[in-house]
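All values derive from a computational prediction rather than experimental measurement. Both backbone and side-chain heavy atoms feed into the values below; hydrogens, waters and symmetry mates do not.
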Amino acid sequence: MKDVDQAETNNIITRLKTVRGHIAGVERMIAEEKPCEDILLQLVAVRSAVQKVSVIVAQHYANSCVVEALDKGENRQEVLNKAIETLMKLNQ
């Protein structure tokens with residue numbers, strides 16, 4: 001991701017480290033044969049953390065990457081269709 005300020009980059013990296021920690025927690029819980037309910041709750045935390053990072057990156061994509069493509073003179077409809085297709089994948 002280009003044109004992201006250092007504070008935002010640090011925010012994204014911190015959130016990804018949180019995701020990594022949640023994943024490590026799930027691995028430990030499975031190895032330790034923790035109850036399924038506890039593991040599922042930890043997986044919800046993983047999904048939530050990944051979703052938060054996805055929203056940040058999607059905002060950057062919409063505010064920067066799409067605008068940049070339009071400013072370069074790329075076909076407006078093609079740029080918008082690609083943006084919609086890409087952002088819709090977040091909900092799959």
Side-chain angles (χ1 to χ4, degrees):
M1 288 184 6
K2 61 182 181 176
D3 301 326
V4 177
D5 66 33
Q6 192 60 45
E8 192 68 14
T9 298
N10 291 342
N11 180 30
I12 292 168
I13 290 171
T14 298
R15 289 179 181 275
L16 290 172
K17 288 179 180 179
T18 299
V19 171
R20 187 181 318 146
H22 286 310
I23 295 291
V26 171
E27 290 174 348
R28 272 191 311 277
M29 293 171 80
I30 290 172
E32 294 170 2
E33 298 181 355
K34 297 290 183 180
C36 293
E37 295 87 0
D38 295 344
I39 294 169
L40 289 170
L41 287 175
Q42 188 68 17
L43 288 170
V44 169
V46 169
R47 183 174 53 200
S48 176
V50 169
Q51 182 64 24
K52 287 176 184 176
V53 172
S54 297
V55 166
I56 293 167
V57 174
Q59 287 172 333
H60 174 73
Y61 175 67
N63 290 322
S64 181
C65 301
V66 172
V67 171
E68 181 181 324
L70 293 172
D71 287 347
K72 287 181 179 178
E74 294 184 31
N75 181 283
R76 178 183 171 96
Q77 195 59 52
E78 288 177 12
V79 169
L80 292 175
N81 286 343
K82 182 180 177 185
I84 290 167
E85 180 181 320
T86 300
L87 294 172
M88 291 296 291
K89 289 178 182 177
L90 289 175
N91 292 322
Q92 293 180 353

Rounding to 0.5 Å, atoms NZ (Lys52) and OG1 (Thr18) come to a distance of 9.0 Å
Single-linkage hydrophobic cluster, 4.5 Å side-chain cutoff, Ile39 and Ile23 together: yes
So Ile13 and Lys17, side-chain contact (heavy atoms from CB on, under 4.5 Å) or not? Walk me through it. CA-CA 6 Å; Ile13 290 171; Lys17 288 179 180 179; 3.7 Å; yes
Within a strict 4.5 Å, meaning less than it, do heavy atoms of the Leu40 and Val44 side chains meet? no
Can you hop from Ile30 to Val46 via hydrophobic side chains spaced under 4.5 Å? yes
Does a salt bridge link Glu32 with Lys34, judged by any charged N lying under 4.0 Å from a carboxylate O? yes
Could you check whether any side-chain heavy atom of Gln6 comes within less than 4.5 Å of a side-chain heavy atom of Asn10, counting everything from C-beta outward? yes
d(Gln59 CD, Leu87 CG) to nearest 0.5 Å is 10.5 Å
Closest non-hydrogen atoms of Ala62 and Val67, given as atom of the first, atom of the second and distance, are O-CG2, 3.9 Å
Should Ile56 and Val53 be counted in the same cluster of Ile, Leu, Val, Met, Phe, Trp and Tyr side chains packed under 4.5 Å apart? yes
Linking I/L/V/M/F/W/Y whenever any side-chain heavy atoms sit under 4.5 Å apart, do Val19 and Leu43 land together? yes
When you compare the side chain of Met29 with that of Gln42, does any pair of heavy atoms fall below 4.5 Å? yes
Do Asn81 and Glu85 make a side-chain contact, defined as non-hydrogen atoms from C-beta onward lying under 4.5 Å apart? no
Could you walk me through whether Lys82 and Glu78 pass side-chain contact (heavy atoms from CB on, under 4.5 Å), step by step? CA-CA 6 Å; Lys82 182 180 177 185; Glu78 288 177 12; over 6 Å; no
Under a single-linkage definition using a 4.5 Å side-chain heavy-atom cutoff for Ile, Leu, Val, Met, Phe, Trp and Tyr, are Ile84 and Leu90 assigned to the same hydrophobic cluster? no
Could you go through the side-chain contact (heavy atoms from CB on, under 4.5 Å) check for Leu41 and Glu37 one step at a time? CA-CA 6 Å; Leu41 287 175; Glu37 295 87 0; 5.6 Å; no
When rounded to the nearest 0.5 angstrom, what distance separates CZ in Arg47 from NE2 in His22? 12.5 Å
